[in-house]
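Quick caveat, the model's predicted, so the values are computed rather than measured. All ligand and atom numbering here is 1-based and tracks the order in the structure.
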Amino acid sequence: MKLAIDQQRLVSEIETLAEFSDAEPPAVTRIVFGPADLKARAWIKARCKDAGLAIREDAIGNTFARWVGSDPLAPAVGTGSHTDAIPNAGKYDGVVGVLGGLESIRALQRAGFRPRHAIELLIFTSEEPTRFGIGCLGSRLLSGTLSADAARRLKDNGGNSLDEVRQKAGFTAELEQVKLPDAYYKAFVELHIEQGPILERERKPLGVVEKIAAPASLRVIVEGQGGHAGAVLMPDRHDALCAASELILAIEHAARTSGAIDTVATVGICEVFPGAVNSIPARVRLSVDIRDTDQQRRDDIMRVLEQTYHSISANRQVRIHSELLNADAPAQCGPAIVAALGQACATHGFDFLTMTSRAYHDSLFISRVAPAAMLFIPCRLGYSHRPDEYASPEDIARGALVLAETLATLAS
Ligand code: GLV
Ligand code: MN
Ligand code: MN
């Protein structure tokens, strides 16, 4: 089989998709079920139809584009990723796996390949946690990690429920129907940019992912006492932002001193109420994101945080409430898919590194219901979740080629 990726077309599709955005270029922002997300979905579906794929969408808006196989009873081989983008993001996170996956399918079609198992491109809804607070909404529901009832309780910052918003976007079926039937996928492979610096540093063109680290996130509210910035003297204050600042530094310290380089913790949102120059902060809302390759160590950090809440609230006489949004186990990738990816690299003479994904991905949740693995390509300086995220056309095409070869092996 003579496989060839149309690099120019793939890169030009990535550029076109970046135009569906709520941010000024080069930044990309696509919030789930917002106008840019809906336009991007329509554009991608049209590209999938052009490729002769059969499209279906589920109640949360996960989009399945299927190349039917010769054996209708055989479970499908899946590939795909997401196209939503956090505020002020780049063009490649998720998109490389969606448009690269589509181009892999087209390359297999051009090469005359006939799959026995269907090959299905899956575009997941809301991999990013921006709107509803937890990431991987689509894959959590597909895998049963998130129940339909728990999904219905989710609200965005404007108080709109996920249920209302998805229905307004045209996805009206019952959320109970999203969970995949048993053995739906024989295998799932996600192509993605690394989002870290290792491949570039090690001068390896590809990474085969064997493990995905364990993410957790919390919403923390610190309640102090507001008041006049001139009239309330320092001994009488219970400033919520000063308390939150201590907490932020304690979170950083806990991650830095966990004993392992694999522990990371981030406070990415800090909202101050009432947010006036001459008003003492009365309330602060923080987002906390903690991850580790080792679940036990990640959970130990969460226990340290509980103790820190107590000491800060006692010392400063503020109240601290914390709500756990998610605490997920890590995933071990499917050995047969890892082997198929390694073999596909070898077939095309590409060196690769076996590695751990420190970012989370929809594959983390798909791995709960099917063997899953990931293929990473380098991104410049490891930059991701920022507008200057960049992957070279050659690296993107190489990833799509190895993905196509792997899909052929798995779908034969
Ligand atoms: C995914 O976007 C992550 O935050 O790892
Ligand atoms: Mn991301
Ligand atoms: Mn991603």
Do the non-hydrogen side-chain atoms of Leu324 and Met302 ever get within less than 4.5 Å of each other? yes
With under 30° as parallel and over 60° as perpendicular, where do the rings of Phe33 and Phe171 fit, or are they tilted in between? tilted
Does Thr29 reach the main-chain N or O of Asn88 with its side chain, forming a donor-acceptor pair under 3.5 Å? yes
Residue pair Gly94 / His192: nearest heavy atoms and the distance that separates them: N-NE2, 3.4 Å
Residues in contact with ligand 1, criterion: heavy atom under 4.0 Å: Glu127, Glu128, Arg291, Ala359, Tyr360, His385
Kindly say whether Ala59 contributes a backbone atom to a donor-acceptor pair with the side chain of Arg166 at under 3.5 angstrom? yes
Around the Mn ion (ligand 2), what protein N, O or S atoms are found below 2.8 Å? Asp93 OD2, Glu128 OE2, His385 NE2
So does Ala265 get a backbone contact from the side chain of Arg291, meaning a donor-acceptor N/O pair under 3.5 Å? no
Do Tyr360 and Phe124 have their ring centres less than 6.0 Å from each other? no
Between Arg298 and Asp300, does at least one N-O distance fall below 4.0 Å, as a salt bridge requires? no
Write down the atom of Phe64, the atom of Leu180, and the distance for their closest heavy-atom approach. CE2-CD2, 4.3 Å
